[in-house]
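I have placed the structure first, in the form of structure tokens, so that the comments after it can refer back to it.
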Amino acid sequence: MKENRERRESLVFAVNGERFDLSSVDPSTTVLEFLRTHTPFKSVKLGCGEGGCGACLVLISKYDPVHDQVEDFTASSCLTLLCSIHGCSITTSEGLGNSKDGFHPIHERIAGFHATQCGFCTPGMCISLFGALVNAEKTNCPEPPLGFSKITAVEAERAICGNLCRCTGYRPLSDACKSFGADVDLEDLGLNSFWREGESDDIKRSRFPKYDHHHKKSKFPEFLKEIKHDVFMAFERHNWLSPTSLEELQGLLEPNNSAGTKIKLVVSNTGMGYYKDKESYDKYINLKGISGLSKITKDETGVEIGATVTIFKAIEALKPKSGCEFLSDFDTILEKIAGHMNKIASGFIRNTASVGGNLVMAQKYHFPSDIGTILLAVDTMVHIMTGTKFEWLTMQEFLERPPLELESVLLSIKIPCWESSKRASPKHRSKIVFETFRASPRPLGNALPYLNAAFLVEVSTGEDFEGIVLIDNCRLSFGAYGARHAVRAIEVEELLKGKLLNFGIIHDATKLLTSIVVGEDGTSHTAYRSSLAIGFLYKFFSPLIDHSVEKCTNYSNGYSNGYSNGKFLHDNFHPILSSGKQEIQVGDEHHPIGEPLTKTGATLQASGEAVYVDDIPSSKNCLHGAYIYSTKPLARVKSIKLQKQDGVRAIISSKDIPNGGKNVGSVSTFGIDPLFTDEVARCIGDRIAFVVADTQKLADMAANSAIVEYDCENLETPILSVEQAVERSSFFAIPPMLYPQQVGDITEGMAEADHKILSSEIKLGSQYYFYIETQAALAIPDEDDCLTIYSSSQAPELLHSTIATCLNIPEHNVRTITRRVGGGFGGKFTRAHFVATSCAVAAHKLRRPVRMYMNRKTDMIMAGGRHPMKITYNVGFKSNGKITALELKILVDAGIDPDVSIIMPHNIIGALKKYDWGVLSFDVKLCRTNLPSRSAMRAPGEVQGSYIAEAIIENVASTLSIDVDSVRSINIHTYKSLCTFYNHSAGDPIDYTLASIWDKLAVSTRYNQRSESVKEFNRNNIWKKRGISRVPALFEVGVRHAPGKTSILKDGSIAVEVGGIEIGQGLWTKVKQMAAYALSLIRCDGSQDLLDKVRVIQSDTLSLIQGGMTAGSTTSESSCEAVRLSCNVLVERLMPLKEKLQKEMGSINWKTLISQAHLQGVNLSATSIYNPGVTTSNYLNYGVAMSEVEIDLLTGETSVLQTDIIYDCGKSLNPAVDLGQIEGAFVQGLGFFMLEEYDTNHEGLVLADGTWNYKIPTLDTIPKQFNVEIVNSGHHKHRVLSSKASGEPPLLLAAVVHCATRAAVKEARKQLLSWSNSNELEKPFQLDVPATMPVVKQLCGLDIVERYLKWKMGKM
């Protein structure tokens, strides 16, 4: 080791084939950090910094000289330390292909399947798929057809299962992946730009971008094959050490060598995704160089797995050999361990995370490990080295020990061989049965479990037992339920051992288990987790009752699809293979308007070349900022202290705002919000100060380590709920002009009712935006007190004004530029202004560029999100379900500042009016609380209002005991009632399509027949129930003014500017189509093919003023109309010249016309502004949806089996873009209604602050069958070319999944009532939003198994 210590080597690796040779690097530097700051490759994006989103993925290729082969695997670059890739080759999405060298077929197919919107997550998706394709070609599978891969469609789809996307809804991404599968069914692939409907499969295959499955272009760099991997690097303060033997490691860990030294043992550093580094280390010791720790050995005594073996490699080693017809008991156990491990984290984490690292986290930090639980059940042994001492421990001993000290290192684990201890005989047959269980928000992993379990039993049957199963031995382990580590349920094991299996003994076991599986104080959902344990125990033993041992291997593997008559059926279906049908109508009246063209810039987004704010290169003197925010809900800030750190340049606060400037962070027509707190911090997350440092990492560390001294003396207690706000009359005023109108007289309406429901309550929580790109801005000071701001903003013009007001400079001194936004959903409207304004204040003061890319945790704490609310209502109705009157009191939690909250009453009531309530009365109050300001989030207020309507309808139907669908139908508007409720926006009778598409959906989905099938399923299944529902959505939009500028350059190319921002909604694509159409009206040669000549350029607030904001779903159409008007001006100017030249030349082409126009001084730049009139400023959107779901009564898990949507898009400007908006909005809504919990603690601190505890939908949680039909509802004379909006309205339809889940829960409660009389079960119930697994399970009965067993025993 002495030799190693004296040798200082360079770190050598390659990125996209380019050699990098570094003699100095901080060992804490991640691959992501290096790529983004020292290379031109920006496709790797920082989405979470936790390995939880996949935006930062790279392919790592490593040469194995022993076998002369290259190992390829995807990895999270945000966690992978740069020093750990010595000798490796890194491939980013740009390295697969790019605009210069040609795009990769993955990029082209993602674009062609319309599978990108904001595009921020897309490069990571491409790398996930590429990694799967590369490894598929190394298998012995048959050669695939030309242009396809050896991969199967299911494998290709699963490749992106760990990647998060907030825009697309995943369905088109799934199709793009499946298109590479050798076994893909082309009929199963959705809308794309490669083929047209009706073409043969051979033609379809020929139209795909050709894929070379031999990867001839992807070669491992030869120079890396000579690199030695035992690199030692010493730097000024930090060392990276790679010992090659245990002896070397012992030497490094000796107390004499490590005294006073902060040491971190590293394998792949994935643990940092969960346990963030709170300090810097002096030494990093890389364990991967010790070959003995990476070995897997299997013999007759069992399987030994080295500590540094990755979870992926462990899975591969434990899988049975292909072609093996008969598996021994032990092979079956190993196969099921592998199957469970395949649901841990995501593929790209399993590729790098080590088995040993996972277990050490469980032992030292009580990480809720799956591996610890399943290995505990099979008597796994653990090999430990402490100093020079080596010892073997049982897994239980290992977990129960005090946390391991630094000198203790886990070396390996050994799974002992298990075979039945009794020999088979004619009278006695014995068998080992092993199963693992896991309940988590995502079926295929990438989520921590609520509970995991593993059961191993040795059972026997024989003539003496009359066919009943005898339990000879058992091991029952449970974990992740809030205890410090996984445990064996010893008391239950002892109870069961030696017993004949029957329902009585299972019942006794469940009673005992309840007292064992109990989480520690502070654990969420403790009763639910305990109920899961009982459910898993029953699920395991139930199939063994009355079954012979031979059948023991054929029952559920723990992830069963359906159980019939109380028995669990074996699951033979693939975990996912999503599918869908899309019906669109292509318009040809205004070519190329109406065509499903590929989204502009889609291939650039896929390759990672599309530039976002944080991709703009930093100048050498650029500084970076991070917020110090309040950790108290209401407190006086006395002082701020920073730990001494090199590179911290300033702390900016309200005191640094220039004379005459104002402390404003957001100025808009909705309200004014302060930039920094002055003296009193008013909520957790309130901006106290802005730390400016040399790097973003330094700024974040400085802000995190800041010590803020608070004082609460003489301050009132904070207001942390709407109830407290009411008590203290803490409200924001609502301008009368923005308050909606009541409909009818409530007294008369109630008098008409046969029945009434009084004082019923609904509560709705918040939702976080989860844009994959967090808030980002760059401020560059210029001469004469000017500033250029690059911001990821939906409203650059409003930001422009805010900065000028804050700094007390003229608006012409500020230029705000936004090219594209990596996901907005309303969160980049006012909330983006604070970040950009903070950067501007710092840049103005320091005269240096200042930028910020907010970390995910800070973003989640400060964002505010969707408005929570409490609703109390009275409703009167007839016996047939027709509602006569509705009275509402709505308390909206607006947070500490007004932001956009004044629009909420209008939006809530606007969507709620989708039904004919007869009479509608309401009182909406905006409560001011000491919580972060709530802001606009996709369909703000409308999604809540639409859901409130559905909840009321459900309650009415339940009270009357009639079918809820009939109550919906009878209350859907007639055109007459529509005009009463929407007197300014109802339109003409021909515009009202809701009633017709409501009926159409019932026919096209066979709603009545499927409802009967659902009833039949529920009669025949005890442990799974299905529900079906359909709902309407009605969404009123307002069209705002918008500017447009079109310029024709000398070569005939066209530059277009609009005020609207491309946030993934396809605005640029539609604008480009509109410009091509409008200019084609010049009707010269070539004018019909102008699309490729048009470029839409970034928003610049000094180049095009009055840009307004991109919000409310109508910015695309307004921008299109503004561009059309500007093009009309140009056509008018060109027409005389065209006619003159035609007379002279006979015909004239576009290029000649424009060249002549330039020569003759025709003004070829025109700016227009679209101002909608009274008849065009508001209109209604209509959509309907049907969903069928299935719930698991033992876990509360909900699977969306099928969703069908019909949406009226008018005459779509681009059906492919609108389809993407419909699907993406629906899935985002599904997250709100079913998955996403954005709660706060008793002080108002957000509890969900990252990907570990905030779960947006993933590929495995969307509808299995997802069908969308876009209806062309004809000519709408007051719309832009008869089009209608699609960005927000479809989100409201996601309530259908919640309603279908409620229907399934209702069936479960009926069944529960049949087992045990309970008055509670007969009452109407409220299904909370979101309807998470614990919520569903609680309503289905946390004690459902116990009740069933009692009922079952009572019948026997």
Side-chain angles (χ1 to χ4, degrees), residues 66-67 140 246 290-342 354-356 358-359 370-385 390-399 409-425 428-436 454-461 470-477 486 488 493 497 549-550 552-554 557:
V66 176
H67 300 97
N140 296 321
L246 292 179
I290 304 172
S291 59
L293 300 187
S294 60
K295 289 182 178 176
I296 302 173
T297 56
K298 185 175 182 181
D299 57 28
E300 66 278 359
T301 65
V303 178
E304 185 171 356
I305 301 172
T308 65
V309 171
T310 64
I311 296 173
F312 169 76
K313 287 184 177 176
I315 292 168
E316 292 301 301
L318 296 176
K319 283 180 182 176
K321 298 282 189 296
S322 58
C324 184
E325 293 184 12
F326 175 78
L327 296 181
S328 67
D329 285 348
F330 187 47
D331 287 333
T332 302
I333 289 170
L334 297 181
E335 181 185 26
K336 291 185 175 180
I337 290 174
H340 188 109
M341 290 171 79
N342 211 34
S354 66
V355 172
N358 183 285
L359 290 172
D370 281 270
I371 295 176
T373 303
I374 57 180
L375 294 184
L376 180 61
V378 293
D379 288 356
T380 300
M381 301 295 291
V382 182
H383 197 197
I384 300 289
M385 178 184 80
F390 295 83
E391 58 183 329
W392 282 95
L393 306 172
T394 65
M395 181 62 72
Q396 190 164 343
E397 291 170 336
F398 170 72
L399 293 173
V409 180
L410 190 153
L411 304 179
S412 65
I413 56 108
K414 184 163 185 178
I415 305 170
C417 185
W418 282 88
E419 294 297 344
S420 176
S421 60
K422 293 185 179 181
R423 292 186 179 179
S425 70
H428 293 277
R429 291 176 298 282
S430 184
K431 183 77 179 174
I432 288 177
V433 184
F434 176 72
E435 292 295 341
T436 72
F455 307 148
L456 184 147
V457 298
E458 188 173 359
V459 296
S460 56
T461 59
L470 174 72
I471 302 173
D472 297 313
N473 212 340
C474 65
R475 307 276 191 282
L476 310 174
S477 66
R488 286 260 303 274
E493 294 173 5
K497 190 174 179 181
V549 172
E550 283 81 358
C552 289
T553 55
N554 293 325
N557 63 358

Within the distance-only criterion (no hydrogens, no angle test), does the side chain of [X] pair as donor or acceptor with the backbone N or O of [Y] below 3.5 angstrom?
X    : Y    : value
Q396 : L376 : no
S430 : S460 : no
W418 : V378 : yes

Which residues share a ring-ring contact (aromatic ring centres under 6.0 Å, His included) with F398, sequence neighbours left out: none
Side chain to side chain, L318 and V303, heavy atoms closer than 4.5 Å: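 Answer yes - side chains close enough.
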Side-chain heavy atoms of E397 within contact of V382, under 4.5 Å: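 Sidechains of V382 and E397: no contact.
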Test log, rule side-chain contact (heavy atoms from CB on, under 4.5 Å), inputs L293 and L411: CA-CA 6 Å; L293 300 187; L411 304 179; 3.8 Å; yes
For [X] against [Y], the heavy-atom pair lying closest together:
X    : Y    : result
T373 : A486 : OG1-CB, 3.4 Å
K295 : V309 : O-CG2, 3.8 Å
R475 : A377 : CB-O, 3.2 Å
E419 : I432 : C-CD1, 3.3 Å
F434 : K336 : O-CD, 3.1 Å
G356 : L410 : CA-CD2, 4.1 Å

Intermediate values then yes/no, side-chain contact (heavy atoms from CB on, under 4.5 Å), I374 and M395: CA-CA 10 Å; I374 57 180; M395 181 62 72; over 6 Å; no
What distance do [X] atom [atom1] and [Y] atom [atom2] have between them, rounded to the nearest 0.5 Å?
X    : Y    : atom1 : atom2 : value
C417 : D329 : SG    : CG    : 9.0 Å
I305 : I337 : CD1   : CD1   : 8.0 Å
S291 : L246 : OG    : CG    : 9.0 Å
E435 : L456 : CD    : CG    : 10.0 Å
D331 : K298 : CG    : NZ    : 4.5 Å
S412 : I296 : OG    : CD1   : 11.5 Å

Check against side-chain contact (heavy atoms from CB on, under 4.5 Å), I311 and I371: CA-CA 9 Å; I311 296 173; I371 295 176; 4.0 Å; yes
Counterpart residues, salt bridge (charged side-chain N to carboxylate O under 4.0 Å, His left out), relative to E335 (two or more places apart):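 Residues passing salt bridge (charged side-chain N to carboxylate O under 4.0 Å, His left out) with E335: none at all.
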F390 and H383 aromatic ring geometry - parallel, tilted or perpendicular at 30°/60° bounds: tilted
Verdict with reasoning, T301 to K414, per side chain to side chain donor-acceptor pair (under 3.5 Å): CA-CA 9 Å; T301 65; K414 184 163 185 178; 2.7 Å; yes
Can you list the residues that meet the side-chain contact (heavy atoms from CB on, under 4.5 Å) rule with [X], with sequence neighbours excluded?
X    : result
T310 : F312, K313
N342 : R158, I315, R350
T297 : E304

Contacts of K497 that satisfy side chain to side chain donor-acceptor pair (under 3.5 Å) - sequence neighbours left out: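 Checked K497 against side chain to side chain donor-acceptor pair (under 3.5 Å); zero matches.
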side-chain contact (heavy atoms from CB on, under 4.5 Å) between R488 and L476, intermediate numbers included: CA-CA 6 Å; R488 286 260 303 274; L476 310 174; over 6 Å; no
Matching residue for L393 among I384, T380, L399 - test: side chain to side chain contact (heavy atoms under 4.5 Å, CB included):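 Answer to the side chain to side chain contact (heavy atoms under 4.5 Å, CB included) test with L393 among I384, T380, L399: I384.
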